[in-house]
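For reference, the structure is listed below as C-alpha cells.
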There are 2 protein chains.
Amino acid sequence: MTKPIAPARAKPSHKVPKPEAGYHHGELQEALIAASEAILAEQGAEGFTLREAARRAGVSPAAPSHHFGNAQGLLTEVAIRGYAALAGALRDAASRKQGAREKLHAQGLAYVEFALKHPGRFQMMFANKRLVADDPRLRQASRAAGHEFEIIIAELVGGTPRQAKTAAAAAWSTVHGFAKLALEDKFGPVKSEAGDRKIMTTLNHVLNYLWPASR
Amino acid sequence: MTKPIAPARAKPSHKVPKPEAGYHHGELQEALIAASEAILAEQGAEGFTLREAARRAGVSPAAPSHHFGNAQGLLTEVAIRGYAALAGALRDAASRKQGAREKLHAQGLAYVEFALKHPGRFQMMFANKRLVADDPRLRQASRAAGHEFEIIIAELVGGTPRQAKTAAAAAWSTVHGFAKLALEDKFGPVKSEAGDRKIMTTLNHVLNYLWPASR
DNA sequence: TATCTATCTTAACACTGTTTAGATTGACCG
DNA sequence: CGGTCAATCTAAACAGTGTTAAGATAGATA
C-alpha cells in the first residue's frame, strides 16, 4: 500500500546509511521529514513546530537549518511528498474505473478522502505562507497533481484545450472547496468514522449533481 | 473602494479615538478589532499577533485578555464580523439581479471577490483552530452566510429540501474551492489588479460551465 | 597520518501568548 | 460629599518559538 513517494534518487551518494551513529545522525533529512509528518498527523498543521520535529529526530533545534535552511524549507519538502502522494491517489482512483465520468467521479472521492485522512498534511500543502512557495520542485509537484485532473477532464469534455482548462478548474475547485469546508466542520463533525462516512455520501450527491450522467 | 465593513460606527485611527488618553481606553474592544483587521489586511492571516494588535491599540499585551479572554476570542469576534460582511455582500449581489441563475452567478462572483479583496480576513474566518470554533455567535454567523446561498438555490432547483441542500453544498464548495485555490496562486499570481481580473474571468467560465443556462 | 569539510551542539536573541499581582480609574451608594 | 468597589489596565515574569553565530566533532580524503 505504501508506495515510494520520493523520486527514485535516494542517498547522498557516498555512504550507506548507518542506523546507529553517534555525533552524526546519518539520515537526518529523512528523520526530520518523517517527524514532521507525524506531528502533522497528530496535531494538525497548526501544531507543527520546528523544535518539536528536531526533538523527535533526536537533534538540537539548530540542526535542521543545515539541511533545509529553515522551517519553510523542511515543510516544503513535506509538501512536495504530499503532492506526490495525492497525485498517486488520484491516478490510482482513476485507473480503477472505466469511462471518463466514472474516473472523474472516483478522483473526486479520492481527493476528499486524502484530505480527510491526512488533514494536517493537506492543509500544509496549501499554506503557501508556510512554504517556499516559489520552489520549482514544489510548483512542479503541485502542477503534477492538478494534471491528474486535466487528463481525465480532457477525456471527458473533448472541446478546445481552453474549455478543458475551464472544466479542470471547475472540478478541482469543487472537490477542493468541499474538502476545505469539510475540514472546517461546515458539513458536520469530521472526527468520527461515522461523520466521515456521512460527509463522503454528501460529496457523492454533490458530484452527481454537478457531473450528472448526461455530461 | 474600501467600504466600511465594520458597523458604520467608529473611525478608530491608531490612537485615542476618544478624549485624552487616560488610564482607561474607553473603546478598547473596538480598537482591538479594528487593529486586528488592519493587521490581517496588511500582513495576512499568518501575520497576525496579539501583541501587535495591542501595540496598535496603544495598550499592554495583557489588556486584550480582559475583553476577549485570549487571542482566539479576539479573532472570533473579527471572524463574526467577517461573516456578517460576507453575508451582506452575497445578499447585495443577489438583490441586484433578476432570475435565480443570475442571482446565483452574482453570488459566486461576490464570494470570490470578497476573498480576493480581504484575503487575510477570509482565511482567518475559515481557520477554526485559531478561533473559538464552537462559539454560538460564530456558528450562527457562518450559517447565516451559508444561508444566503441556500435561499437562491431553493429558488433555482425547486426539488426536495434534501436536493436543495445538496445543490447549496455544491455551489458553496465550488466558489470556496476556487477562492482558496486562487489565494494560493494556483490560478496565477493574485497580487496585481490584472491578475485579479484574469482570475475573475476564469471564475466566470467555471460558473458558466457548472451552471449553464439550461439548469 | 594530517587535514578538511560536512554535520551537529551550545548559547544567545528577539519574538510570541498567557498568567499573576498590583496600580489606577470611574461609578455607584451611603 | 466621600468611601467603597468593580472594572480596567500595567508591569513583570514564564515557557515557548524560529533563527543565528561560534565552536566542537567525526567521517572522508589526500
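Order of the sequence lines sets the chain letters (A, B, ...), proteins ahead of strands, with each chain counted from 1.
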Between [atom2] on [N] and [atom1] on [X], what's the gap in Å once rounded to a whole number?
| X | N | atom1 | atom2 | value |
| --- | --- | --- | --- | --- |
| B:R130 | C:dT18 | CZ | P | 11 Å |
| A:H66 | C:dT5 | NE2 | P | 17 Å |
| A:R55 | D:dA15 | CZ | P | 14 Å |
| B:L74 | C:dG17 | CG | C1' | 12 Å |
| B:F68 | C:dT18 | CZ | P | 13 Å |
| A:L75 | D:dG18 | CG | C1' | 12 Å |
| B:E46 | D:dT17 | CD | P | 17 Å |
| A:E27 | C:dC8 | CD | P | 11 Å |

Which nucleotide in the set [options] lies at the smallest distance from any side-chain heavy atom of [X]?
| X | options | result |
| --- | --- | --- |
| B:A71 | D:dT17, C:dG17, C:dT16 | C:dG17 |
| B:L50 | D:dT17, D:dT19, C:dG17 | C:dG17 |
| B:N70 | C:dT18, D:dT10, C:dT9 | C:dT18 |
| A:A62 | D:dC9, C:dT16, D:dA21 | D:dA21 |

Looking at [X] and [Y], would you say the former's side chain and the latter's main chain have a donor-acceptor pair under 3.5 Å?
| X | Y | answer |
| --- | --- | --- |
| B:E184 | A:N128 | yes |
| B:K103 | B:K97 | yes |
| B:S36 | B:L32 | yes |
| B:S142 | B:R139 | no |

*If you find the nucleotide of DNA chain C closest to B:Q72 and the one closest to A:L28, which residue's nucleotide is nearer the 5' end?*
A:L28
*What's the verdict on ring pair (Phe, Tyr, Trp, His ring centres under 6.0 Å) for B:F126 and B:Y83, showing C-alpha distance, side-chain angles and the deciding distance?*
CA-CA 10 Å; B:F126 293 93; B:Y83 275 116; 5.6 Å; yes
*Is there a side-chain polar atom (N or O) of A:H67 under 4.0 Å from OP1 or OP2 of C:dC8?*
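Yes, because at least one side-chain N or O of A:H67 sits under 4.0 Å from OP1 or OP2 of C:dC8.
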*Has B:R51 got a side-chain N or O lying under 4.0 Å from the OP1 or OP2 atom of D:dT17?*
no
*asked:* Considering every strand and a 4.0 Å limit on heavy-atom distances, what is the contact class for B:T49: base, sugar-phosphate, or nothing?
replied: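 Contact class for B:T49: sugar-phosphate only.
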